[in-house]
A.B. asks: 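Before I ask anything, here is the structure I am working with.
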Amino acid sequence: MIYLDHAATTPTDERVLAAMAQCARETWRNPSAAYASAGAARRELREARSALAEMLNAAPQEIVFTSGGTEANNQALALARGGHAVVSAIEHASVLNAAKALCAEVTLVPPDGDGRVSPEAVARAIRPDTRLVSVQLANNETGVLQPVAAIGELTRARRIPLHCDAVQAFGHIPVDVKALKADLLSLSGHKLYGPRGVGALWVRQGVRVPPLMLGGGQELGLRAGTENLPAICGLRVAAELARADMAAEATRQRALLDGFMADVRKSIPACRLLGKDAPRLPGVAAILMPGLPSERAIAELDLRGIEVSGGAACATREKGPSHVYRAMGLGEADAACVLRVSVGRSTTAEAMRTAAAAMEAVYGEGLGNRD
C-alpha cells in the first residue's frame, strides 16, 4: 500500500519504539514516589519536559503532558467556560465541540477563499467580555498556515488569552511560542512519528487554566494521574528526531507534492489545489476533483493500493462534506469532492507518480460512469 494520509496519523518511528521499550523496562517506577530508585523516572520526566520546552522556546514548567491534542484543546477551552470565546470556523472538532460545550457563547470567524483567517476578522469578533481566542497554526485538512502571530498581537493588546492548536504543525515546521505571541498551545505525538495517546499543553506562566481531572496533583497540578512515562519518553524522542531533519524533510516533501500536483493537473486539468495562494505545510494538499465524490474516489484508490482521505479522519463518520471546505466557500457538491493527500518520511517520488496515475484512472472512470 502507498500511504498518503500522514496528516491523519504517522507510523511510530522504530527509534521511538526502542526508547519507549527501554523506558518501560528500566524506568517503570512512579515518578511521584519519594524513594531514591524513582529518581530515574523523575529525571526522564524532567528531561522530556525540558526537551519540548526548548523546541517551543518555552520554559519547562510551562509544559503539561496530556493524553493527546484533544485533551490539550479541551483543557485550553476550559479557560472560557461559561463565557464568550472567539474561534475560527475551520478548527479541529476537538476545539469546535469543546467550545460549544463549555462556553455560553461562541463566535465563529470564517476564513477567506484560501482557508486563511484574517486578524481583522478576529478583531471584529472580539467583545469586551471575550475570555479566549482560539486559532490553529495549521489546518489539518488543507495544511494552510494561519497568521497566529498577527492575531496574537491584537489579543495581547486586549489582554485576552490566545490558544493555538499546533497539533498538525508541530514537528513539521518551527513552532516558537514567543514569536506566535500565544498563551496556550496544544501538540500531539502521533502526528510526528511518536506514539498515540500522548501530547502536551503549553501554558504561559501567569495564565491560570483549570484542571480537567482532579487527583494527586501531578503535572504541576493541572493534570492528575500517574504520568504515562514510556509514551512521554516516546514523544520526546519523536520531537528530537523531527527537529533534526525538519528543514531537509520539508524541502523534500514540498518537492514531492509539487511534482504530484503537476502530474495530476496534466491529466485532470479541472482539479484545483485548495489554498494554493496561502502559506501551507510542506506535506499536505487538499485537491478538489470536480464531479467525483471523495467517498467514491477514496474507495477506488484503496482498491488500487493508494490510501488517502477526504479530510479529517475524526470526521469520517459525519454526514455531509467537511465544515472546513464549506467555510472556505465551496458549495456542497464541490466540498464533497475534495481529497486530502499528505506525504511523510517514507514517501518516494515513484510512489507519488503511481498515485497520480491511479488518480487519473479513477477520475476518468468516475466521470464516465456517472448516472
Side-chain angles (χ1 to χ4, degrees), residues 3-10 68-70 73 87-99 108-117 134-148 164-173 186-188 190-192 253-254 257 260-261 264 271-290 292-295 297-298 301 306-344 355 359:
Y3 182 67
L4 297 178
D5 199 20
H6 290 80
T9 196
T10 52
T70 291
N73 286 339
V87 179
S88 90
I90 54 172
E91 294 297 308
H92 188 271
S94 60
V95 170
L96 291 174
N97 290 337
L108 297 180
V109 182
D112 61 20
D114 275 321
R116 198 161 156 88
V117 175
S134 183
V135 179
Q136 61 196 183
L137 183 53
N139 185 263
N140 53 301
E141 299 192 36
T142 64
V144 170
L145 302 178
Q146 303 301 324
V148 175
C164 177
D165 176 358
V167 166
Q168 201 67 57
F170 183 72
H172 301 281
I173 60 173
S186 308
L187 60 91
S188 184
H190 76 103
K191 301 286 189 173
L192 59 147
Q253 290 186 16
R254 188 172 286 109
L257 274 182
F260 173 76
M261 285 304 305
V264 171
C271 78
R272 177 159 64 92
L273 177 66
L274 300 186
K276 66 180 181 64
D277 295 324
R280 293 182 296 112
L281 289 175
V284 180
I287 307 167
L288 171 59
M289 310 284 283
L292 180 62
S294 58
E295 184 177 348
I298 291 166
L301 287 168
I306 314 294
E307 295 175 324
V308 298
S309 72
C314 59
T316 54
R317 292 179 179 86
E318 295 181 4
K319 293 183 178 180
S322 160
H323 70 282
V324 172
Y325 307 143
R326 292 301 306 273
M328 291 172 66
L330 294 185
E332 189 161 346
D334 278 346
C337 296
V338 180
L339 291 179
R340 183 182 67 180
V341 175
S342 49
V343 301
M359 283 185 65

A.B. asks: Would you name the heavy atoms of Pro147 and Val117 that are closest together and state the gap between them?
C.D. replies: CG-O, 3.1 Å
A.B. asks: Would you compute the distance between atom OG of Ser309 and atom CG of Leu339 and round it to the nearest 0.5 angstrom?
C.D. replies: 8.0 Å
A.B. asks: Hey, could you give me the CE/NZ distance between Met261 and Lys276, rounded to the nearest 0.5 Å?
C.D. replies: 10.5 Å
A.B. asks: Search all heavy atoms of Val324 against all heavy atoms of Glu141 and return the closest pair with its distance.
C.D. replies: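 Shortest heavy-atom contact: CG2-OE2, 3.5 Å.
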A.B. asks: Strictly distance-based, threshold 3.5 Å: is any side-chain N or O of Ser342 a donor or acceptor partner for the main-chain N or O of Gly283?
C.D. replies: no
A.B. asks: How about Asp334 and Tyr325: do any of their side-chain heavy atoms sit closer than 4.5 Å?
C.D. replies: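 A side-chain contact is absent here, since even the closest heavy-atom pair is not under 4.5 Å.
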A.B. asks: Please evaluate residues Val87 and Leu108 with respect to the criterion side-chain contact (heavy atoms from CB on, under 4.5 Å), reporting the C-alpha separation (whole Å), side-chain torsions for both, the decisive distance (0.1 Å), and the verdict.
C.D. replies: CA-CA 5 Å; Val87 179; Leu108 297 180; 4.2 Å; yes
A.B. asks: Within this structure, what is the CD1-CD1 distance for the pair Ile306 and Ile298, rounded to the nearest 0.5 Å?
C.D. replies: 13.0 Å
A.B. asks: Can you find a heavy atom in the side chain of Thr10 that is under 4.5 Å from one in the side chain of Tyr3?
C.D. replies: no
A.B. asks: Just verifying a value: how many Å separate His172 NE2 and His6 NE2, rounded to the nearest 0.5 Å?
C.D. replies: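 Between atom NE2 of His172 and atom NE2 of His6 there are 9.5 Å.
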A.B. asks: Would you say the side chain of Arg280 lies within less than 4.5 Å of the side chain of Leu273, judging by non-hydrogen atoms?
C.D. replies: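 Yes - at least one pair of side-chain heavy atoms lies under 4.5 Å apart.
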A.B. asks: Quick check: do Asn73 and Glu91 have side-chain heavy atoms less than 4.5 Å from each other?
C.D. replies: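 The answer is no; the side chains never approach within 4.5 Å.
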A.B. asks: Less than 4.5 Å apart, side chain to side chain, heavy atoms only: is that true for Ser294 and Val338?
C.D. replies: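 Not in contact.
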A.B. asks: Ignoring hydrogens, what is the shortest heavy-atom contact between Ala138 and Gly143? Give both atom names and the distance.
C.D. replies: CB-O, 4.5 Å
A.B. asks: Between Leu330 and Arg272, is there a side-chain heavy-atom distance shorter than 4.5 Å?
C.D. replies: yes
A.B. asks: What I'd like to find out is whether the side chain of His92 reaches to under 4.5 Å of the side chain of Gln168, using heavy atoms alone.
C.D. replies: no
A.B. asks: Can you see which heavy atom on Met289 is nearest to which on Met359, and at what distance?
C.D. replies: CE-CE, 3.5 Å
A.B. asks: In Å and rounded to the nearest 0.5 Å, what is the CD1 to CG distance from Ile287 to Leu257?
C.D. replies: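 Atom-to-atom, Ile287:CD1 and Leu257:CG are 7.5 Å apart.
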A.B. asks: Do Leu274 and Met328 touch side chain to side chain, with heavy atoms closer than 4.5 Å?
C.D. replies: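 A side-chain contact under 4.5 Å exists here.
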A.B. asks: Is there a donor-acceptor pair under 3.5 Å between the side chain of Arg116 and the backbone N or O of Leu145?
C.D. replies: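 Yes; judged by distance alone, with no hydrogens or angles, the pair exists.
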A.B. asks: Can you name the nearest heavy-atom pair linking Val148 to Val135, along with the distance?
C.D. replies: CG2-O, 4.1 Å
A.B. asks: Taking Lys191 for the side chain and Ala7 for the main chain, is one N or O donor matched with an acceptor at less than 3.5 Å?
C.D. replies: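 The answer is yes, because a donor-acceptor pair under 3.5 Å joins these two groups.
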A.B. asks: Taking atom CD of Glu332 and atom SG of Cys337, what is their separation to the nearest 0.5 Å?
C.D. replies: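 Result: 10.5 Å between the selected atoms.
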A.B. asks: How far apart are the closest heavy atoms of Gly69 and Val167, and which atoms are they?
C.D. replies: CA-CG2, 3.8 Å
A.B. asks: For atom CZ of Arg254, decide whether the heavy atoms of other residues, nucleotides or ligands shown that lie under 6.0 angstrom number more than 12.
C.D. replies: yes
A.B. asks: Going by the side-chain contact (heavy atoms from CB on, under 4.5 Å) test, name the single residue among Leu187, Leu137, Asp165 that passes it with Phe170.
C.D. replies: Leu187
